Every structure is written in structure tokens, then in C-alpha cells.
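Below is one structure; the comments refer to it alone.
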Amino acid sequence: MKYEPVIGLEIHAQLRTHTKIFCGCSTAFGAPPNSQVCPVCLGLPGALPVLNRRAVDYAVKAALAVGCGIQRESIFARKNYFYPDLPKGYQISQYERPLALGGSLEIAAGGRKRVGLTRIHLEEDAGKSLHEGFPDSDRRTYVDYNRSGVPLIEIVTEPDMRSAAEAAEFFERLRDILVWIGVNDGNMEEGSLRCDANVSVRPTGQSAFGVKAEVKNVNSFRYVQKALEYEIDRQIDVLEGGGRVLQETRLWDSSAGRTYSMRSKEEAHDYRYFPEPDLPPVVVDEARIEAVRRTMPELPEARRRRFVAAYGLPEYDAGVLTQSAALADYFEQTAAAAGSPKAASNWVMGELLRTLKERGVAIGDVPLSPAALGGLIRLVEKGTLSSSIAKDVFATMYDSGRSADEIVAAEGLAQIDDESALRAIVRSVMAANADAVAQYRAGRMQTFGFLVGQVMKSSGGKANPKLVNQVLKDELAT
Amino acid sequence: MVALTTSDVERIAALAHLELTADEKALFARQLAGILAYAQQIQALDTSGVPATAHVHAGAHPEREDEPRPCLPRDEALGNAPDAAPEAGLFRVPRVIG
């Protein structure tokens with residue numbers, strides 16, 4: 001029997017605020033344990049939460065970027081459960097009335113499909129439990145509350161994805177947008193972005209969903225794909241073997257490459273949600289939405305379309321160049337300095353990205369300015385530099401920070417465009433290769449390529465190849 | 001009167017991590033049933049057309065600026081805990097399975 005997977009994702013993204021969602025403690029990563037805590041985020045009696053304005057604005061910005069409808073009034077709720085990383089015994093989240101509803105995001109997999117979003121809500125993060133690494137770890141758990149109260153948005157999708165690859169691409173596209181609009185730093189190693197996946201399988205053609213499992217802890221694009229592939233195969237094996245898939249939570253173990261069941265110690269998941277009495281409803285009116293909208297940069301899809309329309313770039317180039325806002329900015333500045341968008345695109349996608357990849361440098365840290373790269377491209381476009389020498393100049397510029405003009409002048413790299421200078425080189429090459437010249441004149445046309453090569457070599461690669469062809473033909477004919 | 005069995009009380013007590021004696025279970029079964037009966041009485045009211053009220057203080061929506069404020073000194077933060085590892089700067093609790 002053929003099976004079809006059905007996948008929905010829940011993504012938690014940390015908002016890039018300076019302080020926590022309900023108190024003034026810093027959210028900086030990597031501080032000594034429990035150095036960024038106060039009565040509010042420790043849940044001490046009598047402490048009262050006050051909402052961080054920027055957290056709301058960032059959540060609204062994220063919601064607008066993926067086409068959600070903002071609810072004028074949303075309500076915080078207490079989600080009650082016992083775990084030591086939750087000092088109050090409840091997490092402040094949103095339940096019945098979340099901040100935003102609907103929206104969608106397009107992915108290329110599955111032939112450009114839209115993945116629907118169910119909701120986006122605001123909530124606080126929990127602390128961090130340390131289960132291993134202490135002499136008494138067999139009996140004790142240690143807790144660091146620096147992360148307690150860090151603002152998160154939870155983004156819930158519809159069960160619209162039909163393969164592990166679609167889910168991985170969705171997660172990646174969503175991250176790109178959140179980073180692009182500046183509300184999340186995209187750092188999965190530091191836990192700024194986390195993904196849980198709901199997955200079930202059903203016989204192809206059946207419309208009812210199968211029983212789903214929730215796979216937690218899949219915090220990279222590669223792991224989303226691998227964990228889901230594993231889980232889909234596991235569920236199909238269970239069904240093929242005549243068994244039933246259990247509704248359960250499973251953890252992804254990246255080192256073993258498998259998911260395993262995480263049996264809950266609680267008898268039941270009964271979160272006993274109720275409206276948070278310490279916080280009034282969050283009100284986001286039209287004026288506030290408009291104010292947030294004004295801070296929105298041009299989004300990747302719109303920018304990609306503009307690159308095609310305004311610069312005449314191929315779809316492929318536009319897609320590569322809009323992978324991040326920093327790269328797109330770099331390209332646009334280079335194109336302006338170079339005066340040729342297509343040439344700028346070739347250089348940025350080619351030499352620049354290759355060099356960054358080789359050296360593990362991020363686009364934000366490139367030592368070469370767009371103006372400098374534009375200057376180099378101008379020299380190539382004018383014919384001053386041959387494209388092969390330009391690549392050497394690029395490497396020198398990248399390492400030294402010197403301008404293209406300076407390097408070309410200092411090292412005498414300018415392309416030889418002077419016909420009389422070239423004719424002299426051609427003549428000396430012909431004199432040194434009298435055999436080849438004789439063969440050519442006797443009708444062996446292939447010898448021409450050899451002679452061109454000799455001229456290029458003799459000019460140190462600086463001869464303008466077009467002119468070499470012309471002058472050589474001319475000289476051979478006389 | 002709403003029926004509430006001793007096993008209902010045991011389940012709720014387990015969720016709240018409480019240990020109750022047999023007498024307490026019987027007492028709380030009776031008292032909780034009384035509270036539920038009161039809620040049932042209120043539920044009998046016709047509230048169609050009345051908007052849901054999550055809060056009584058509508059109109060006030062205070063928010064704070066995103067500006068850092070001083071945190072608790074770590075010793076003070078750990079000082080109230082029943083158990084802590086001050087040298088590591090961590091709270092300490094009975095082991096929970098991650």
C-alpha cells in the first residue's frame with residue numbers, strides 16, 4: 001500500500017528584544033546562570049508582570065510579514081503544569097484569543113505551494129534544566145532561570161505539508177523572513193528558533209488523517225528533514241505490521257538518527273488554561289498596526305520580483321540574491337557602483353559567495369565594500385581588465401582592501417588593447433613558431449588556437465582576446 | 001448536587017503533586033462538589049448576547065518600554081530556594097527526567 005505523510009509544524013521564535021516579556025531583566029545569551037533574574041521571572045509571591053511594548057510590536061511585525069490577521073484584542077492565559085524550569089507552576093501564553101490568525105507562506109517544494117498558518121501567539125520561555133554533569137546528577141536536577149520569561153512567538157501551521165522536504169523548506173523560509181524583518185536572530189544553536197513537528201501517515205487517497213505523533217527537538221533544517229523521514233518510515237512500518245500508531249510525544253535523537261517515545265510522568269495533559277488575571281487584554285488597534293507596517297522592510301518575495309523586473313535578472317539570480325537582506329543590499333549597492341546589474345549579479349553570486357563560503361565569512365562581515373567591487377566590475381566592463389585577470393585582482397582586493405584601480409596600476413595588469421603593441425607580440429610569437437605558422441598556412445586551421453594561446457601566454461594573460469584573434473588572422477593572411 | 005468521587009480527587013491531587021489522607025479525600029470530595037454546584041447554578045443563567053469578560057478593568061493596557069532594569073543579586077535570588085548550589089549559581093531540585 002502507498003502512504004502519504006501529513007505534517008504540521010509548531011515553531012517557537014525568540015523575539016530580539018533587550019529585555020524579557022514581563023520584566024526588565026536582560027535577554028542577553030551566555031550570561032552566568034541566574035544572573036538575569038528578578039522576582040517577576042522567578043515567580044516570587046506578589047510580583048506582577050508588565051508587558052514589553054517591543055515584544056508586542058515584533059510579534060505584530062512577524063504576523064504581518066506572513067499575512068496573518070491581527071486580532072484587535074488578544075488575551076494572555078495561564079497554562080498550568082509542573083516542571084522545575086517553570087517557577088510559577090504555569091506558563092503565561094495565549095490560548096483562546098491569540099494575537100494573530102491565518103496567513104500563509106509559499107514554498108518551492110511540491111511545485112510552489114502555499115502552507116497555511118493557523119495562528120501566532122505570544123508567550124514566555126521557560127528556564128533551563130540541567131540533568132547531567134554534576135556529582136549528584138543521579139539524584140538532582142539543576143536549574144538556570146536566565147531564559148525564564150524571554151519573549152517568544154509560537155507559529156502554528158495547518159497540516160499542509162506532504163513530505164519531510166516540504167517541512168524543512170518551510171522552516172527555512174520562515175526563518176529567513178523572521179531574520180529578514182529583524183525580529184529573530186535565526187540562531188538555532190542558541191535556541192533562538194525551535195521546531196516541533198506533528199506527523200501522521202494515511203493510505204494515499206484517504207481523506208481522514210491518521211493518528212499523529214509529535215516530534216520534538218528538531219532544531220536544524222537537516223534534522224527536521226531526517227527526523228521526519230525517520231518518523232514517517234516508522235509509522236508506515238507500524239501500520240504495515242498490522243499495528244496502531246500511538247498518539248504520543250517523541251524526541252529526536254540526532255546522534256542515533258532516530259525518534260524515541262517520551263513517556264510523560266503526568267497522568268494527563270490537563271493544562272487547566274484560564275485567563276491571566278494579572279495582565280489586561282493586549283490591544284492592537286489600526287494605528288498601531290500601521291505604525292508597525294511602516295517599519296517593515298521590503299519582503300523577500302517582493303524584492304525577488306523587483307530584481308527580475310527592475311534589473312532584468314533571471315529568476316534564479318533573484319532567488320539567490322534575496323536569501324538574506326544583507327546579501328540583497330550588498331548586491332544592490334554593487335550594481336549601482338558597477339553600472340551593470342547582470343555583471344554585478346554574476347560577481348556577487350560567483351566570486352564573492354564562493355570566497356565567503358571557502359573562508360566561512362558571513363555576508364555582513366565582508367571586508368570588500370560594494371563600491372570597491374563595483375569599481376572592479378567597471379574595469380572589466382570597459383575592457384581594461386580581462387575577466388581571468390579580474391578574478392586575481394578580486395582576490396588581491398579581498399585580502400588587501402586596496403582598490404581595483406590601484407592594483408591594476410601598480411601591477412601593470414591593464415588589458416592590452418593597443419593594437420600596435422599587440423601586433424608586436426603577435427609577430428614575435430609567429431617568428432618563434434614558424435612551424436605552426438607554416439602548418440596553418442598549409443590549411444591546418446586547428447593551429448590557430450595554439451597560436452592564440454601562445455600570444456595570450458606571452459602577454460601574461462593581459463591581451464584582449466578579441467583583438468588577438470583579429471590581429472593574428474590579419475598577420476597570418478599577409 | 002454534583003457527584004465527585006474520591007478517585008476524581010485523587011486524580012486532581014496527583015496533578016497538583018499533593019498527598020492526601022483518606023479523610024482529606026472525603027472532605028475535599030464534598031467541598032469541591034459544593035463549589036462545582038455553585039458554578040453549575042451560575043451556568044444556568046442565560047448569558048447569550050453578553051460579551052465574554054476576561055477582565056474587569058477594561059480600558060487600561062499598560063505596557064513597558066524595552067529597557068533593561070537591575071536584576072536580583074544572585075545570592076539573593078538563590079537565597080529563598082529550599083536547595084541551591086551557590087558556587088555554580090544554580091537552583092537545585094530533586095531529579096526530574098528530561
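Just so it is clear: chains get the letters A, B, ... in the order the sequence lines come, proteins before strands, and each one is counted from 1. Here the structure is a predicted model, which means the values were calculated and not measured.
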Most chain B-contacting option - heavy-atom pairs closer than 4.5 Å, from [options]:
options                             : answer
A:Leu42, A:Val50, A:Asp85           : A:Val50
A:Asp138, A:Val40, A:Leu44, A:Asn80 : A:Asp138
A:Ala77, A:Cys38, A:Pro33, A:Gly89  : A:Pro33

Short N-O contact, [X] and [Y], less than 4.0 angstrom:
X        : Y        : value
A:Asp136 : B:Arg95  : no
A:Arg54  : B:Glu63  : no
A:Arg258 : A:Asp253 : no

Shortest non-hydrogen contact between A:Pro98 and A:His121, atoms and distance: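 Smallest interatomic distance, heavy atoms only, reads CB-CB, 3.7 Å.
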
message: Looking at every non-hydrogen atom in both residues, tell me the closest pair between A:Ile92 and A:Tyr90 and how far apart they are.
response: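 What the structure gives for the nearest pair is CG1-CE1, 3.9 Å.
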
For [X], is it the side chain, the backbone, both or neither that has a heavy atom under 4.5 Å from a heavy atom of chain B?
X        : answer
A:Glu276 : backbone
A:Phe274 : neither
A:Cys23  : backbone
A:Pro84  : side chain
A:Leu15  : neither
A:Thr17  : both
A:Arg139 : backbone

- prompt: Given A:Glu124, which of A:Lys88, A:Arg147, A:Arg78, A:Lys20 fulfils the salt bridge (charged side-chain N to carboxylate O under 4.0 Å, His left out) condition?
  reply: A:Lys88

query: Quick one: are A:Gln36 and A:Thr27 in side-chain contact, heavy atoms under 4.5 Å?
result: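 A:Gln36 does not reach A:Thr27 side chain to side chain.
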
